[in-house]
Protein chains: 2
Amino acid sequence: MSEEEPGLAELRTRFVRGFLDVTIMKMLLEEPLWGYKMMGVLRDRYGVKVGPPVIYPLLDSMEADGLILAEEVYSGKRKRKVYKVLPKGETMLKNMDRILKDF
Amino acid sequence: MSEEEPGLAELRTRFVRGFLDVTIMKMLLEEPLWGYKMMGVLRDRYGVKVGPPVIYPLLDSMEADGLILAEEVYSGKRKRKVYKVLPKGETMLKNMDRILKDF
DNA sequence: CCGAATATGTCGTAAAATCGATATATTGTA
DNA sequence: TACAATATATCGATTTTACGACATATTCGG
């Protein structure tokens, strides 16, 4: 009916995909998360489908960069790698805020 | 000397490259620009090198999408395609602002 | 006890982005 | 008059990124 607007949803998807690392760290400030849970939050909150081949290598590289740190949490025999943001990651988030504010 | 921080400059480059269309429209709100001039502004203001094979097809597709409109301006025999932002482009910028504000 | 959901992870290809090189023409400067 | 800068535009190869499909193991509900 209405002509397609330059979709808010599409822009948000672009932003989340383009700054998935930053988005993940923002999410981590709100609640403890592990890879599988992140995929669900990204789907439910942003409508962005992020699969295992995207999330797990990304989390590994972010940890290697010193942005986040994993802690292995067991509930029974099930292992979860719960992440938290490190100081370097917090600096990155502050820099991101500055860029977005200036824009 | 100091270890590399999660660079403000690198983040800005990522943002500009990832949202080159949006960045260009923001620039167009401030001053009239054409492709060649845009490359210089992007280099001088953001330190982002954007070459001809990137800028010209992008401007064409943005015009095809109805985001911007080109006007051919002649100074002598030299042709410049000066762009302005169309309503659809303004809507996109407003949506972008909303996303960045919510983030 | 079986299937769906949870949880992490990789392979290999397919799609997309990037970017140097090239092409053409005009204008300004030394 | 020759060279640098302005201005638009494309080709093609390389590099990067995305993503379906697969693999493995645990847990929970019916």
Side-chain angles (χ1 to χ4, degrees), chain A residues 9-24 27-28 31-65 68-84, chain B residues 9-24 27-28 31-65 68-84:
Chain A
E10 287 163 35
L11 266 179
R12 182 166 283 125
T13 297
R14 267 178 72 188
F15 185 81
V16 170
R17 279 189 192 280
F19 291 93
L20 194 52
D21 49 356
V22 179
T23 303
I24 284 170
M27 282 160 48
L28 281 177
E31 54 176 338
L33 292 170
W34 50 98
Y36 187 85
K37 189 83 182 293
M38 288 175 193
M39 292 191 276
V41 172
L42 289 166
R43 179 177 24 82
D44 298 340
R45 219 157 88 186
Y46 302 109
V48 177
K49 194 189 157 193
V50 175
V54 171
I55 204 88
Y56 293 115
L58 175 61
L59 290 171
D60 287 344
S61 77
M62 286 172 70
E63 193 177 17
D65 287 346
I68 57 175
L69 183 68
E71 186 195 357
E72 296 199 342
V73 176
Y74 286 85
S75 48
K77 283 180 182 172
R78 172 166 288 172
K79 188 180 66 177
R80 280 176 183 163
K81 289 173 80 173
V82 178
Y83 290 89
K84 64 173 179 181
Chain B
E10 287 163 33
L11 266 178
R12 183 168 281 123
T13 298
R14 268 179 70 188
F15 185 81
V16 169
R17 280 189 192 280
F19 290 93
L20 194 52
D21 50 355
V22 179
T23 303
I24 284 170
M27 282 160 50
L28 281 176
E31 55 177 337
L33 293 169
W34 50 98
Y36 188 85
K37 190 80 183 292
M38 288 174 195
M39 292 191 278
V41 173
L42 289 166
R43 179 177 25 79
D44 297 341
R45 220 158 86 186
Y46 301 108
V48 178
K49 193 188 159 195
V50 176
V54 171
I55 203 88
Y56 293 115
L58 175 62
L59 290 172
D60 287 345
S61 77
M62 286 171 70
E63 193 178 17
D65 287 345
I68 56 175
L69 184 68
E71 186 195 358
E72 295 199 341
V73 176
Y74 286 85
S75 48
K77 282 181 184 172
R78 172 165 289 172
K79 187 180 67 177
R80 280 177 184 162
K81 290 173 79 172
V82 178
Y83 290 89
K84 64 174 178 181

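Letters A, B, ... mirror the listed sequences (proteins, then strands); counts begin at 1.
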Value in whole Å for how far the [atom2] atom of [N] lies from [atom1] of [X]:
X: L59(A); N: dT10(C); atom1: CG; atom2: P; value: 12 Å
X: R80(A); N: dT6(C); atom1: CZ; atom2: C1'; value: 8 Å
X: Y83(A); N: dA7(C); atom1: OH; atom2: P; value: 14 Å
X: I55(B); N: dT6(D); atom1: CD1; atom2: C1'; value: 15 Å
X: E63(A); N: dT8(C); atom1: CD; atom2: P; value: 12 Å
X: Y56(B); N: dT6(D); atom1: OH; atom2: P; value: 11 Å
X: L58(A); N: dT17(D); atom1: CG; atom2: C1'; value: 12 Å

For R14(B), enumerate each residue passing the side chain to side chain donor-acceptor pair (under 3.5 Å) test, keeping only those at least two apart in sequence or located in another chain.
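Once residues adjacent in sequence are excluded, the partners of R14(B) under the side chain to side chain donor-acceptor pair (under 3.5 Å) criterion are D21(A).
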Going by side chain to side chain donor-acceptor pair (under 3.5 Å), name the residues that satisfy it together with R45(B), two or more places apart in sequence or in a different chain.
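Checked R45(B) against side chain to side chain donor-acceptor pair (under 3.5 Å); matches are E30(B).
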Could you check whether any side-chain heavy atom of W34(A) comes within less than 4.5 Å of a side-chain heavy atom of V73(A), counting everything from C-beta outward?
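Not touching, per the 4.5 Å side-chain cut-off.
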Decide yes or no for M62(B) and Y83(B): does some side-chain heavy atom of the first lie under 4.5 Å from some side-chain heavy atom of the second?
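M62(B) does not reach Y83(B) side chain to side chain.
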Against I24(A), only a single residue in V41(A), V16(A), V50(A), I55(A) fulfils side chain to side chain contact (heavy atoms under 4.5 Å, CB included); can you say which?
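When V41(A), V16(A), V50(A), I55(A) are each tested with I24(A), the side chain to side chain contact (heavy atoms under 4.5 Å, CB included) holds only for I55(A).
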Nearest heavy-atom neighbours spanning G35(A) and L59(A):
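Scanning both residues, the minimum pair turns out to be CA-CD1, 3.8 Å.
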Which atom of T23(A) lies closest to which atom of Y46(A), heavy atoms considered
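Heavy atoms of T23(A) and Y46(A) come nearest at CG2-CE1, 4.0 Å.
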Below 3.5 Å between N/O atoms, which protein atoms pair up with nucleotides 18-20 of chain C? Just atom names and distances, please.
unit_1: dG20(C); atom_1: OP2; unit_2: K49(B); atom_2: NZ; d: 3.4

So which protein nitrogen or oxygen atoms get under 3.5 Å of nucleotides 2-4 of chain D's nitrogens or oxygens?
none

Who passes side-chain contact (heavy atoms from CB on, under 4.5 Å) against P52(B), sequence neighbours left out?
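Once residues adjacent in sequence are excluded, the partners of P52(B) under the side-chain contact (heavy atoms from CB on, under 4.5 Å) criterion are M39(B), Y56(B).
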Could you work out, with side-chain contact (heavy atoms from CB on, under 4.5 Å) as the rule, every residue matching K79(B), not counting sequence neighbours?
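For K79(B) the side-chain contact (heavy atoms from CB on, under 4.5 Å) partners, ignoring immediate neighbours, are E72(B), Y74(B).
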Pairs flagged by salt bridge (charged side-chain N to carboxylate O under 4.0 Å, His left out) wherever residues 46-65 of chain B is involved - sequence neighbours left out
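Counting only pairs at least two positions apart or across chains, no salt bridge (charged side-chain N to carboxylate O under 4.0 Å, His left out) contact touches residues 46-65 of chain B.
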By a strict heavy-atom criterion of less than 4.0 Å, which residues belonging to residues 31-45 of chain A are in contact with DNA chain C?
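Those residues whose heavy atoms fall under 4.0 Å from DNA chain C, taken from residues 31-45 of chain A in numerical order, are W34(A), G35(A), Y36(A), M39(A).
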Where along residues 70-79 of chain A does a heavy atom fall under 4.0 Å from DNA chain C?
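Output list: R78(A), K79(A).
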Those residues that, when tested against F15(A), pass ring-ring contact (aromatic ring centres under 6.0 Å, His included) (two or more places apart)
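Testing F15(A) for ring-ring contact (aromatic ring centres under 6.0 Å, His included), a comparison that skips the adjacent residues, returns F19(A), F103(B).
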Restricting to salt bridge (Lys or Arg N to Asp or Glu O under 4.0 Å), what partner residues turn up for R12(B), sequence neighbours left out?
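Applying salt bridge (Lys or Arg N to Asp or Glu O under 4.0 Å) to R12(B) gives D102(A).
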Please name all residues satisfying salt bridge (Lys or Arg N to Asp or Glu O under 4.0 Å) with K37(A), sequence neighbours left out, ordered by chain then number.
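K37(A) satisfies salt bridge (Lys or Arg N to Asp or Glu O under 4.0 Å) with no other residue.
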